[in-house]
Number of protein chains: 2
Amino acid sequence: MRVSELSRHSGVPVATIKYYLREGLLPKGEATSATQAVYSETHLRRLRLIRALVEGSGVPLTKVRAILDALDDTGVDLHHLLGTVQYALTPETTPTDTPEWREAERNTEELLARLGWRVSPSSPARPRLTHAIATVMGLGYQVGPRTLDTYANAAHMTAERDLDRIDPAAPRERAVEHVAIITALMDQMLVALRALAQEDVSARRLRGTDARY
Amino acid sequence: MRVSELSRHSGVPVATIKYYLREGLLPKGEATSATQAVYSETHLRRLRLIRALVEGSGVPLTKVRAILDALDDTGVDLHHLLGTVQYALTPETTPTDTPEWREAERNTEELLARLGWRVSPSSPARPRLTHAIATVMGLGYQVGPRTLDTYANAAHMTAERDLDRIDPAAPRERAVEHVAIITALMDQMLVALRALAQEDVSARRLRGTDARY
DNA sequence: CCATTTGGATAGTGAAACTCTCTAATATTG
DNA sequence: CAATATTAGAGAGTTTCACTATCCAAATGG
């Protein structure tokens with residue numbers, strides 16, 4: 001496959017492919033001469049994965065590269081790969097020195113302790129959760145244990161299902177890709193479903209019971 | 001309150017406040033002379049909400065404005081407001097003319113029919129869900145009814161809880177803000193919790209049962 | 001009365017993700 | 001084999017977004 005064909009098969013412009021090559025997101029094709037290189041099915045898969053991450057979840061290219069590097073690092077097991085992918089996908093959150101932050105942090109810790117979740121103290125999702133709680137509280141709304149438990153249970157249900165679908169015996173190439181997908185792309189699905197569920201509940205409660213939609 | 005004080009109370013630079021005023025995100029203060037205007041508590045609340053949306057969920061300013069306009073439109077009831085906020089928050093998704101899209105669309109329709117959710121046919125969350133499914137399928141992975149049901153149930157649990165917390169009798173100003181918050185900010189909480197839950201499940205399954213984390 | 005603040009307008013910045021242009025070397029096709 | 005098209009590689013240019021900085025003239029505030 002040459003660049004133009006790679007472009008056609010993926011729908012990505014040649015200029016963009018060249019850009020990805022320059023940025024090291026896509027490995028170089030095998031050069032057959034000074035002005036020619038051939039690309040394989042692997043390149044096409046990789047390209048599709050990049051586009052899925054970028055278009056599907058708006059992941060910045062620097063983070064995409066971090067994820068791809070982790071996929072290619074054969075010394076990492078699935079559990080740590082999942083952590084690495086999450087780390088790359090989680091936006092940085094700097095703790096602020098406010099009362100809300102401290103209260104939110106306590107909520108986070110208590111929740112994790114209550115549920116007994118095995119989570120690394122350095123997991124970037126911790127401050128992210130704290131930040132989300134602190135933001136809502138900063139607007140003057142409570143985020144109590146009842147709400148957190150409900151959300152946590154819902155999150156755990158999806159996580160169980162996600163891990164059910166990973167086959168640790170599958171070829172590493174695939175298993176590793178699968179982990180990237182469940183962590184990065186399934187979020188989109190959950191968020192879309194949440195919007196639909198809210199609409200449903202809202203229709204039932206805030207309108208009559210006989211409305212069509 | 002003058003601009004400088006508004007800036008101090010909110011932590012947002014004066015230059016940025018002026019920018020928001022120019023962009024119509026923040027209503028003008030009440031002018032007391034050609035070079036002086038006073039801002040109220042309402043301005044401060046509004047400013048905090050803008051920052052929460054921008055920092056908390058990376059909502060583009062154009063969408064923030066759409067949300068704020070909906071909040072200010074007193075002719076809209078809570079149910080429709082929720083729809084409007086969701087509409088503003090949901091990224092546009094253009095259907096593609098591929099087999100994956102059509103299959104994903106069928107999955108979406110069947111899921112909603114199976115669950116009996118009352119969802120408008122024009123809800124932008126539909127194509128968003130379809131797009132998410134189609135993207136995952138385009139990478140060669142199945143998204144079956146089992147997975148969709150699990151995710152849908154989880155989503156519905158959070159939606160029930162969200163609507164429980166809305167007080168339809170509260171002053172419109174507050175109820176309306178609450179709706180914006182649950183649709184926009186609670187997503188972040190759910191996603192963060194999902195990451196933590198995945199780590200927990202992954203630790204239990206992909207590692208031994210005695211590992212510390 | 002004089003340094004400081006403000007409103008209002010215009011212009012500039014920096015990051016991110018492309019997109020374009022160019023060159024010399026090859027490939028393809030009629 | 002000659003005309004046309006394609007490619008790798010590198011650099012520069014473009015667009016969008018969200019600010020940030022600079023000016024200026026009017027107006028406080030001490």
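The sequence lines fix the lettering, A, B, ..., with proteins before strands; numbering per chain opens at 1.
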Expected output: side-chain D200(B) to main-chain V119(A) donor-acceptor under 3.5 Å: no
Side chain S7(A), main chain V3(A), donor-acceptor under 3.5 Å: no
Outermost nucleotides of DNA chain D that come under 4.0 Å of a non-hydrogen atom of chain A: dT7(D) to dG11(D)
Neighbours of DNA chain D within residues 27-56 of chain A, by heavy-atom distance under 4.0 Å: A34(A), T35(A), Q36(A), A37(A), Y39(A)
What integer distance in Å separates [X]:[atom1] from [N]:[atom2]?
{"X": "K63(A)", "N": "dA16(C)", "atom1": "NZ", "atom2": "C1'", "answer": "14 Å"}
{"X": "I17(B)", "N": "dT5(C)", "atom1": "CD1", "atom2": "P", "answer": "15 Å"}
{"X": "M1(B)", "N": "dT5(C)", "atom1": "CE", "atom2": "C1'", "answer": "17 Å"}

Does [X] pair with [Y] as a salt bridge, N-O distance under 4.0 Å?
{"X": "E5(B)", "Y": "R2(B)", "value": "yes"}
{"X": "R102(B)", "Y": "E105(B)", "value": "no"}
{"X": "E177(A)", "Y": "R45(A)", "value": "yes"}
{"X": "R106(A)", "Y": "E110(A)", "value": "yes"}
{"X": "D162(A)", "Y": "R194(B)", "value": "yes"}

Atom CD of E109(A) with >12 non-hydrogen neighbours under 6.0 angstrom: yes
Which pairs, protein N/O on one side and nucleotides 19-21 of chain C N/O on the other, fall under 3.5 Å?
residue, atom, partner, partner atom, Å
dT19(C), OP2, T16(A), OG1, 3.4
dT19(C), O4, R22(A), NH2, 3.0

Pairs flagged by ring pair (Phe, Tyr, Trp, His ring centres under 6.0 Å) wherever residues 175-201 of chain A is involved - sequence neighbours left out: H178(A)-Y141(B)
Residues in side chain to side chain contact (heavy atoms under 4.5 Å, CB included) contact with A37(A), at least two apart in sequence or another chain: Y39(A)
Side chain to side chain contact (heavy atoms under 4.5 Å, CB included) involving P27(A) - partner list, sequence neighbours excluded: H43(A), R46(A)
R2(A) side-chain N/O to dT28(C) phosphate OP1/OP2 under 4.0 Å: yes
Sugar-phosphate, base or nothing in reach of S4(A), heavy atoms under 4.0 Å: sugar-phosphate
